[in-house]
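These notes are about the structure you will find just below.
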Amino acid sequence: MRSRFFLVAVAAALLTACGSSPSPSTTTLGGTASVFAAASLTDSFKALGSAFQTAHSGTTIQFNFAGTPTLVTQIEQGASADVFASADTTNMDKLKADGFAGGQAQVFAHNKLEIVVAAGNPKGITGLADLAKPGVIYITAAVTVPAGKYALQILASAGVKVTPKSLETDVKSVVSKIELGEADAGIVYTTDVKAAGSKVTGVPIPDSVNVTATYPIVAVKGAKNSALANAFIAYVLSADGQATLQTFGFLPAS
């Protein structure tokens, strides 16, 4: 009889314990996550961050936008980052090789490049060859920056030789100088031209010489808020996140 009561008590205790265990699906997100993202993601990621925060009250997504290699350097020198979104696979591979990736990087978008000129195209630039014409001030991102590397590849494929008047830290700096009239043309992402709106004009680059940029994202090793970091990454990769990115001109991840 005593053994029967003992078994009943054990069974009741087990049921109580199971009933009190929290479900992973009901885990509440909170706190702040710091996202280090390529400069070309500025507008789209701000929109993603705002939508994510609306869906998850009590969370804050903070952004640090800069040239991709600058972000890698900052992370490797100890900057507090939870998520890294790169404009190329080369810098993502470096972060991983150096031991700073907290998981498997996932591609979340692609991009193309375009010639950016002043509004109305006052220099009458119609293609890559025009960048080498006398009187045209051409600028680009530094070759260590993905967009600068891609620009060199594009010009080489097109057989165009031109020396940049200046090398900028990121694509946003290139667009800014074009807007201010400090340069006539540059090569940036199509998304940067779209983001600038009527302040600039875009001149398409033929697909035969253009480059498709690949954007991967990963949680940073030792992230202070890994749960929120992974949740934000999941949102970027979700159908809603992908739809938002495409409204800014990015190409689908797959």
Compare all side-chain heavy atoms of [X] with those of [Y] and state whether any distance is below 4.5 angstrom.
{"X": "Thr59", "Y": "Thr32", "value": "no"}
{"X": "Thr244", "Y": "Leu48", "value": "yes"}
{"X": "Thr190", "Y": "Leu113", "value": "no"}
{"X": "Val203", "Y": "Val117", "value": "yes"}
{"X": "Thr90", "Y": "Thr68", "value": "no"}
{"X": "Ser157", "Y": "Ile154", "value": "no"}
{"X": "Val145", "Y": "Pro69", "value": "yes"}

Where is the tightest heavy-atom contact between [X] and [Y], given as atom of each residue plus distance?
{"X": "Ile115", "Y": "Gly127", "result": "CD1-C, 3.7 Å"}
{"X": "Ala119", "Y": "Thr201", "result": "CA-OG1, 3.5 Å"}
{"X": "Leu95", "Y": "Val218", "result": "CD2-CG1, 4.3 Å"}
{"X": "Ala231", "Y": "Phe52", "result": "O-CE1, 3.6 Å"}
{"X": "Val160", "Y": "Ala132", "result": "CG1-CB, 4.2 Å"}

Review point. Under the ring pair (Phe, Tyr, Trp, His ring centres under 6.0 Å) test, which residues partner Phe65, sequence neighbours left out?
Key: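 So Phe65 forms a ring pair (Phe, Tyr, Trp, His ring centres under 6.0 Å) with Phe63.
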**Study point:** For Phe45, all residues meeting ring pair (Phe, Tyr, Trp, His ring centres under 6.0 Å), sequence neighbours excluded
**Key:**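 Expected list: Phe108, Phe232.
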Check whether [X] reaches the backbone of [Y] with its side chain - one donor and one acceptor, N or O, closer than 3.5 Å.
{"X": "His110", "Y": "Pro252", "answer": "yes"}
{"X": "Asp82", "Y": "Gly222", "answer": "no"}
{"X": "Asn111", "Y": "Tyr189", "answer": "no"}
{"X": "Asn230", "Y": "Ser226", "answer": "yes"}

Name all residues meeting the side chain to side chain donor-acceptor pair (under 3.5 Å) criterion together with [X]; count only those two or more places apart in sequence or in a different chain, and write none if there are none.
{"X": "Glu76", "answer": "Lys94"}
{"X": "Thr126", "answer": "Asp130"}
{"X": "Thr140", "answer": "none"}
{"X": "Asn91", "answer": "Asp88"}

Salt bridge (Lys or Arg N to Asp or Glu O under 4.0 Å) pairs, two or more places apart, involving [range]:
{"range": "residues 216-234", "value": "none"}
{"range": "residues 245-254", "value": "none"}
{"range": "residues 158-168", "value": "Glu168-Lys177"}
{"range": "residues 190-217", "value": "Lys112-Asp207, Lys172-Asp192"}

Check your understanding: Rest of the hydrophobic cluster containing Leu152 (Ile/Leu/Val/Met/Phe/Trp/Tyr, side-chain heavy atoms under 4.5 Å)?
Key ->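 For the cluster that includes Leu152, the remaining residues are Val143.
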**Study point:** Test side-chain contact (heavy atoms from CB on, under 4.5 Å) applied to Ser50 - qualifying residues, sequence neighbours left out
**Key:**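 Testing Ser50 for side-chain contact (heavy atoms from CB on, under 4.5 Å), a comparison that skips the adjacent residues, returns none.
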Point to revise | Step-by-step side-chain contact (heavy atoms from CB on, under 4.5 Å) determination, Asp184 to Ile178 | key: CA-CA 6 Å; Asp184 301 314; Ile178 301 297; 5.8 Å; no
Review point. Within a radius of less than 6.0 Å around NZ of Lys96, do more than 12 heavy atoms belonging to other residues, nucleotides or ligands occur?
Key: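 Not buried by this count: 12 neighbours or fewer within 6.0 Å.
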Review point. Does a side chain donor of either Thr89 or Tyr215 reach within less than 3.5 Å of an acceptor in the other side chain?
Key: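 The answer is no; no qualifying pair exists.
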